[in-house]
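One structure is given below, encoded as structure tokens.
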Amino acid sequence: VQLQAYGGGLVQAGASLRLSCAASGRTFRNYYTGWFRQVPGKEREFVAAISWNEVTTYYADSVKGRFTVSRDNAKNTMYLQMNSLKPEDTAVYYCAATNRNIRIATMYDYWGQGTLVTVSS
């Protein structure tokens with residue numbers, strides 16, 4: 001599975017942004033997929049994930065109620081709708097795919113390149 005994340009940008013606090021992750025390969029629908037983020041000097045942090053069948057979602061406490069993860073297997077695409085953005089959400093956001101532990105970055109087998117989200121105060 002090859003993944004490509006896009007949709008990042010510069011927004012003001014309180015604004016919304018939607019990230020997309022386009023996947024290639026027929027096996028996309030066999031994997032759980034997730035979003036992570038990373039700031040310089042810190043470890044990659046789990047943000048959200050969604051089950052292969054689009055049914056079950058998982059969120060970090062820091063984004064619960066503000067972010068929504070979804071996917072469309074027919075389009076081989078995953079999304080992250082980010083609302084009420086805060087300056088502390090500023091990071092490079094990565095999408096990834098796994099069939100193992102969805103909250104641990106090292107358990108993911110496939111990664112997209114990151115897309116930068118900057119939230120100004």
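Position 1 is the first residue of the sequence; numbering continues from there.
- Between the OH atom of Tyr79 and the CH2 atom of Trp35 there is a distance of 10.5 Å, given to the nearest 0.5 Å.
- Using a cutoff of 4.0 Å between basic side-chain nitrogens and carboxylate oxygens, Lys64 and Asp61 are scored as salt-bridged.
- In this structure, CE in Met82 is found 11.0 Å from OG1 in Thr68, a value given to the nearest 0.5 Å.
- Here the shortest heavy-atom pairing between Ala23 and Val1 reads CB-CG1, 4.2 Å.
- Closest heavy-atom contact between Arg66 and Leu85: NH1-CA, 3.9 Å.
- Across all non-hydrogen atoms, the minimal contact from Ala48 to Leu80 is CB-CD1, 4.2 Å.
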**OP:** With side-chain contact (heavy atoms from CB on, under 4.5 Å) as the test, would you mind laying out the steps for Arg100 and Asp109 before giving the verdict?
**Re:** CA-CA 9 Å; Arg100 299 183 284 173; Asp109 300 304; 2.8 Å; yes

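- A single hydrophobic cluster is seen to contain both Trp111 and Phe46, as judged by linkage of ILVMFWY side chains at heavy-atom distances under 4.5 Å, directly or through other members.
- Criterion: ILVMFWY side-chain heavy atoms under 4.5 Å apart, direct or through other members. Under it, Val117 and Tyr59 are part of a common hydrophobic cluster.
- Across all their heavy atoms, Arg44 and Ala105 have their closest contact at CB-CB, 4.5 Å.
- The hydrophobic clustering, which links ILVMFWY residues whose side-chain heavy atoms are closer than 4.5 Å, places Val63 and Val11 together.
- The shortest non-hydrogen separation linking Met78 to Ile50 is SD-CG2, 4.2 Å.
- The local environment of CH2 in Trp52 is sparse, with at most 12 non-hydrogen atoms from other residues, nucleotides or ligands closer than 6.0 Å.
- To the nearest 0.5 Å, the span separating CZ on Arg71 from OG1 on Thr33 amounts to 3.5 Å.
- Distance alone, capped at 3.5 Å, places no donor-acceptor pair between the Gln4 side chain and the Gln113 backbone.
- For Thr56 (side chain) and Ser51 (main-chain N/O), no donor-acceptor pair under 3.5 Å exists by modelled atom type.
- Remark: side-chain polar atoms of Tyr108 are paired, donor with acceptor, to backbone N or O of Ile102 under 3.5 angstrom.
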Original post:
Would Lys86 and Val119 count as a side-chain contact (heavy atoms from CB on, under 4.5 Å) if you check the C-alpha gap in whole Å, the side-chain angles of each, and the deciding distance to 0.1 Å?
Top reply: CA-CA 6 Å; Lys86 304 175 181 180; Val119 184; 5.5 Å; no

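- Proximity of a side-chain donor or acceptor of Arg29 to a complementary backbone N or O of Asn73 within less than 3.5 Å is detected.
- Within a 6.0 Å sphere centred on CD of Gln2, other residues, nucleotides and ligands contribute 12 heavy atoms or fewer.
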Subject >> Worked verdict on Ser62 versus Glu45 for side-chain contact (heavy atoms from CB on, under 4.5 Å) >> reply: CA-CA 11 Å; Ser62 59; Glu45 174 191 24; 3.9 Å; yes

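- The two atoms that bring Arg37 and Asp89 nearest to each other are NH1-OD1, 2.9 Å, heavy atoms only.
- Separating the OH atom in Tyr93 from the SG atom in Cys21 is a distance of 14.5 Å, to the nearest 0.5 Å.
- Considering OH of Tyr32 and OH of Tyr58, their distance stands at 4.5 Å, rounded to 0.5 Å.
- Distance check: Ile104 CD1 to Phe36 CZ gives 8.5 Å after rounding to the nearest 0.5 Å.
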